[in-house]
Amino acid sequence: MQFETLPGFREFYPEACARRNHVFGRWRQVARAFNFLEYDAPVLEPLELYIEKSGEEIVSQLFNFEDRGGRAVALRPEMTPSLARLIGAKANSLKRPVKWFNIGEHYRYERPQKGRLRAFYQFNVDIFGEQGPTADAELIALLCQALQAFGLSAGDFKVRLSDRDLWLLMLAAEGLDEAGSATVLGIIDKLERTDRAKTIEKLAPVLGEQAEAFLGRIEEAIAIRDFDRLRAYIENLPLEGDLAAQAKARMEDWAQLLRNLKAAGAGDFIQIDLGIVRGLAYYTGFVFEAFEASGAGRALAGGGRYDALVKKLGGPDMPAVGFAMGDVTLVDLLESKSLMPEYMQRPEFIAIIGGEDERDAALADAAQLRALGYQVEYPLKNQGFGKQFKAANQSGARFALIYGSEELERGVVKVRDLTAGTEAEIARDQLLQQVPALLESGLES
RNA sequence: GUGGCUAUAGCUCAGUUGGUUAGAGCAUCGGCUUGUGAUGCCGAGGGUCGCGGGUUCGAAUCCCGUUAGCCACCCCA
């Protein structure tokens, strides 16, 4: 072939498209069950929108170009900045909480590999205007239910839950200022993928000789998996005054979040894991990532609090929490668990046509059935009955409608239940009335 | 951006130490006298052997480059 798809872009043949729509359908169904409203935004946006949020470095990972009007533009690499703009523009008139979701294609100019393409679909779910942990709970519960909707269970995935506020308190207890904390959080984010000596080396500029002892205390915190130990750990931090009060209040938030999640049936999926901090600096509170239970593979979804972002992008002060789930990693996992159904689009009826007069009859009946929404197929060219029956069986249709000269003379059509192998004659003027019962219970022999 | 592996028909793959016109299965299309289901029978189409260059009398095969795919790193909104 002369032309191939661009690297990292996919074509969706009908089977693949059906599988994609299966994923979209489950996402949409769960979002609606939680009463989130669907919105959409442009695929092409001003480049500046992304630079404002993520910094100049982001440009190297974008599909960006100059349009004919001389505007610097980019294909959207994520939904959040567009969403923050939508929200910001109408913030004062939106009934809170604002619960919105989107399913859309996104584009990143990166090297394609396992679980990562250049064009991919993301399920974005966000809540604006509620700062308490009940919003985080609602969102994480939705995430868990979305994954369960594909047949995944507690043995298949975990949501690792962490908290950047807590980290800032822990780092304050270590005597770190804001800048030092930001640096250290960046290092913690990569802890799992970096060897220990290298990490100590990276910590040294901030902590000097303390680096190794500090790392020891960090590792202790990251190993915590249950709430009581976390609470004990936080209570024992050398914090005073205002910071001590903040720590106490934060543990109340944790208690509420975990209680809500448990009540919502998501308790089995939650794993306290302070090792998650997420690379992005704009996250402000609870952060979380969903992973395959074995820990293998890329994150299935990730999200958290970003209370300051709407304001940073020009809107009013608006607390926010959200997550995004990509289709690529999800489908990889579903396939490995044999949870991707094989879809075959098939008609309900297929006509078998004896000749030109019979074709007139078949087309007339098909038109009526189709107008009622039934799925009807018929052969576009005249073929022998044998061939047509074979094709009818291969089509996967539920019923064959047989239009022969002999039937036509008597004003009937022969209906064959292709699953059961049974046949009956139905008067053509009775066909529409009989169809619901046919589809309901098939043809008794 | 860096590195490793791979590339033959729509798909899955054969193709010997370099040797004539590159094969198979599946899929597709047509036929087997216009009336009934899998595995039927006969036949057909489909390949610049990823692309470009080199070595050679001769390259799918050896060498170099390049592109794409997969994988790992980087990054991961």
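Letters A, B, ... mirror the listed sequences (proteins, then strands); counts begin at 1. Reckoned from all heavy atoms, side chains included, excluding hydrogens, waters and symmetry mates.
Toward the 5′ end of RNA chain B lies the nearest nucleotide of A/Thr5, the other residue of the pair A/Thr5 and A/Gln122 mapping further downstream. The residue among A/Lys114 and A/Asp189 whose nearest nucleotide of RNA chain B lies closer to the 5′ end is A/Lys114.
For the pair A/Lys202 NZ and B/C74 C1', the computed distance is 12 Å after rounding to whole Å. Atom pair A/Lys414:NZ and B/U36:P shows a separation of 10 Å (rounding to whole Å applied). Counting to the nearest Å, the C1' atom of B/C73 and the CD atom of A/Gln113 are 8 Å from each other. Between the CD1 atom of A/Ile58 and the C1' atom of B/C76 there is a distance of 9 Å, given to the nearest Å.
A/Gly303 comes within contact range of no nucleotide atom at all, as no heavy-atom separation falls under 4.0 Å. A/Lys53 comes within 4.0 angstrom of sugar-phosphate atoms only, judged by non-hydrogen atoms across all strands, and of no base. Among the atoms of the strands shown, base atoms are found under 4.0 Å from some heavy atom of A/Pro77. A/Ile352 comes within 4.0 angstrom of no nucleic acid atom, judged by non-hydrogen atoms across all strands. Contacts of A/Glu289 with the nucleic acid, taken as non-hydrogen atoms under 4.0 Å apart, are absent. Using a 4.0 Å heavy-atom criterion, one finds that A/Gly421 contacts the bases of the nucleic acid, with or without backbone contacts as well. Using a 4.0 Å heavy-atom distance criterion, A/Arg298 is classed as a base contact.
Side chain of A/Glu348 to backbone of A/Gln375: a donor-acceptor contact under 3.5 angstrom is found. Proximity of a side-chain donor or acceptor of A/Arg398 to a complementary backbone N or O of A/Leu418 within less than 3.5 Å is not detected.
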Worksheet item: Is there a salt bridge (Lys or Arg N to Asp or Glu O under 4.0 Å) between A/Arg196 and A/Glu212 once you walk through the steps?
Response: CA-CA 9 Å; A/Arg196 201 161 187 278; A/Glu212 184 156 11; 3.6 Å; yes
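Taking atom C1' in both B/U61 and B/G43, one finds a spacing of 33 Å when rounded to whole Å. Using P as the reference atom, B/C49 and B/U21 are 13 Å apart when rounded to the nearest Å. For the P atom pair drawn from B/C29 and B/G65, the interatomic distance equals 44 Å after rounding to whole Å. The gap from the P atom of B/C62 to that of B/G19 amounts to 11 Å, rounded to the nearest Å. The same atom, C1', is picked in B/C13 and in B/A72; the two are 27 Å apart, to the nearest Å. B/C41 and B/C5 are spaced 45 Å apart, taking the C1' atom of each and rounding to whole Å.
A donor N or O paired with an acceptor N or O is found under 3.5 Å between the base of B/G35 and the side-chain atoms of A/Glu407. Contact of A/Arg111 with B/G69 (side chain to base): no donor-acceptor pair of N or O atoms is detected under 3.5 Å.
A close approach under 4.0 Å does occur between a side-chain nitrogen or oxygen of A/Lys190 and OP1 or OP2 of B/C76.
Each of A/Asp189, A/Ile187, A/Ile200, A/Thr199 was evaluated against A/Thr194; a single residue qualifies, A/Thr199, per the side chain to side chain contact (heavy atoms under 4.5 Å, CB included) test. Exactly one of A/Val159, A/Ile276, A/Leu333, A/Asp273 qualifies for a side chain to side chain contact (heavy atoms under 4.5 Å, CB included) with A/Phe291. That residue is A/Ile276.
For the pair A/Arg370 and A/Phe349, the NZ or CZ position fails the cation-pi test of under 6.0 Å to the six-membered ring centre and within 45 degrees of the ring normal. In this structure, A/Arg118 forms a cation-pi arrangement with A/Tyr109, its terminal cationic atom sitting closer than 6.0 Å to the ring centre and no more than 45° off the ring axis. Judged by a 6.0 Å distance limit and a 45° cone about the ring axis, A/Arg164 is not positioned over the six-membered ring of A/Tyr283. Under the 6.0 Å distance and 45° angle rule, A/Arg96 does not count as a cation-pi partner of A/Phe128.
Closest approach to the A/Arg116 side chain among B/G35, B/C75, B/G69 is made by B/C75 (side chain taken as heavy atoms from C-beta onward).
Residues A/Val184 and A/Leu171 form a side-chain contact, since some pair of their non-hydrogen atoms from C-beta on lies under 4.5 Å apart.
Residue-environment remark: CD (A/Gln345) stays at or below the threshold of 12 foreign heavy atoms within 6.0 Å.
A stem is defined here as three or more consecutive Watson-Crick or G-U pairs, each with both distances under 3.5 Å; for RNA chain B these stems are B:1-7 with B:67-73, B:10-13 with B:23-26, B:28-32 with B:40-44, B:50-54 with B:62-66.
Near-neighbour residues of RNA chain B inside residues 378-402 of chain A, defined by a heavy atom below 4.0 Å, number-ordered: A/Lys381, A/Gly384, A/Phe385, A/Lys387, A/Phe389, A/Lys390, A/Asn393, A/Ile402.
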